[in-house]
Amino acid sequence: MNILDKIIIDKKREVILKKSIIPITQLEASIFFEKKTISLSKSLKNSTSGIIAEHKRRSPSKAEINYSFTVEEVVKGYEEAGACGISVLTDGKYFGGSLDDLLLARATVNVPLLRKEFIVDEYQILEAKAHGADLILLIAAVLTREEIKSLSEFAKSLNLEVLLEVHNQEELEKSIMPTLDMIGVNNRNLKTFEVSLDFSKQLAAQIPDDFVKVSESGISSIEAITELKPYGYKGFLIGENFMKTDNAGKAAKEFISKI
């Protein structure tokens, strides 16, 4: 069993527990159900940098990245740096995140917020909406085509955008459907954690132009972005590269100013 399989087993258990204590009606009572969401896909189309900066304390491949700063400090720094959007990890066990992180980020910034999570149930999409997210992530590796369809349709019914993450041609082919806004290619193999920009390059031509193309993981230099832009990529998700520094916002600002 690989790490991804373990995460999904834990996640399904977690959702069952949460459903037993927090009813859907409580989530739907959140003020965010009335608020207009901010479009990341539009922001990326109109941006010269396309940076989606991530708040990530740790990961399975890197035990600890950064626990030194508050969410507010990090996301405010990202907004001031000119990030198009901010990705907030909400998984606790493997990434040290929480839904409170998303809520605090929403209270702090006015840029599109992605709930970065292993979504397996509509309940998690309601949570995302209730805590101020503008879009959700769906990971093709852990979902069937039918699940991607029903979850993306549910997200759209809540006016949330959908970023679908793929890692190979098979995942891409099973996933393409009109209820997606962005397709992200993860340059990290979630089963082996090997990283290569070749994944983004190889899949670029297979992604229809109806979707905004996003490259995720392993982007640590301006050269990587310059390399990927000719392939039609508009968005670049960067987490560890900023978070591992003494000042994530400052690192993001310096990086974005060079693009």
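Between Glu153 and Lys156 no salt bridge is recorded (no basic side-chain N to carboxylate O distance below 4.0 Å). The residues Glu216 and Arg188 are annotated as not salt-bridged, no charged nitrogen and carboxylate oxygen being separated by less than 4.0 angstrom. Between Asp91 and Lys116 there is no salt bridge, since no side-chain N of the basic residue sits under 4.0 Å from a carboxylate O of the acidic one. Ion pairing between Arg115 and Glu127 holds under the 4.0 Å rule for side-chain N and carboxylate O. By the 4.0 Å N-to-carboxylate-O rule, Glu146 lies too far from Lys149 to be salt-bridged with it. The pair Glu28-Lys129 does not meet the salt-bridge criterion, since no charged nitrogen lies less than 4.0 angstrom from a carboxylate oxygen. The residues Lys12 and Asp121 are annotated as not salt-bridged, no charged nitrogen and carboxylate oxygen being separated by less than 4.0 angstrom.
Looking at Asp10, its side chain never comes within 3.5 Å of a backbone N or O of Ile7 through a donor-acceptor pair. With hydrogens and angles ignored, the 3.5 Å screen pairs no side-chain donor or acceptor of Asn187 with any backbone N or O of Gly218. Side-chain atoms of Thr108 come within 3.5 Å of backbone atoms of Leu104 as a donor-acceptor pair (strictly under, hydrogens ignored). Looking at Glu161, its side chain does come within 3.5 Å of a backbone N or O of Ser41 through a donor-acceptor pair. Looking at Ser157, its side chain does come within 3.5 Å of a backbone N or O of Phe154 through a donor-acceptor pair. In this structure a side-chain-to-backbone donor-acceptor pair under 3.5 Å is present from Glu79 to Asn110. With Asn46 contributing its side chain and Lys42 its backbone, the two residues share a donor-acceptor pair below 3.5 Å. Side chain of Thr37 to main chain of Asn159: a donor-acceptor pair is present (N/O by atom type, distance under 3.5 Å, no hydrogens or angles). Formation of a donor-acceptor pair under 3.5 Å by the Gln26 side chain with backbone atoms of Pro23 is not found in this model. Not a single donor-acceptor pair under 3.5 Å links the side chain of Glu254 to the backbone N or O of Ala251.
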Dump the intermediate steps for salt bridge (Lys or Arg N to Asp or Glu O under 4.0 Å) on Glu227 and Lys201, then the final yes or no. CA-CA 9 Å; Glu227 229 178 285; Lys201 292 176 185 174; 2.4 Å; yes

What verdict does the side-chain hydrogen bond (donor to acceptor under 3.5 Å, both in side chains) test give for Thr90 and Asp101, after you've listed the backbone C-alpha separation in whole Å, the side-chain angles of each residue and the deciding distance to 0.1 Å? CA-CA 7 Å; Thr90 61; Asp101 289 342; over 6 Å; no

Do His131 and Phe32 pass the ring pair (Phe, Tyr, Trp, His ring centres under 6.0 Å) test, and can you show the C-alpha distance, the side-chain angles, and the key distance before you say yes or no? CA-CA 7 Å; His131 290 78; Phe32 294 114; 8.0 Å; no

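Expressed to the nearest 0.5 Å, how far NE2 of His55 lies from CE of Met243 amounts to 4.5 Å. Taking CG of Asn241 as the reference point, atom CD of Glu54 lies at 12.0 Å (rounded to 0.5 Å). In this structure, the separation between CG on Leu27 and CD on Gln124 is 11.5 Å, given to the nearest 0.5 Å. Separation of atoms CD1 (Ile38) and CG (Asp134) is listed at 4.5 Å; rounding is to 0.5 Å. Interatomic distance, Leu163 CG to Leu40 CG, rounded to the nearest 0.5 Å: 7.5 Å.
The closest side-chain heavy-atom distance from Glu80 to Lys253 is not below 4.5 Å.
Crowding of Asp198 atom CG: a count of heavy atoms from other residues, nucleotides or ligands under 6.0 Å exceeding 12. Taking a 6.0 Å sphere around NZ of Lys234, one finds it holds 12 or fewer heavy atoms contributed by other residues, nucleotides or ligands.
Between Gly235 and Leu44, the shortest heavy-atom distance links the atoms CA-CD2, 3.9 Å. Contact detail for Ala83 and Val111: the closest heavy-atom pair is O-CG1, 4.2 Å. Here the shortest heavy-atom pairing between Tyr233 and Leu203 reads OH-C, 4.5 Å. The nearest pair of heavy atoms linking Val166 to Ala140 is CG1-CB, 4.0 Å.
Ring pair His167/Phe199 is tilted by interplanar angle, where 30° to 60° counts as tilted.
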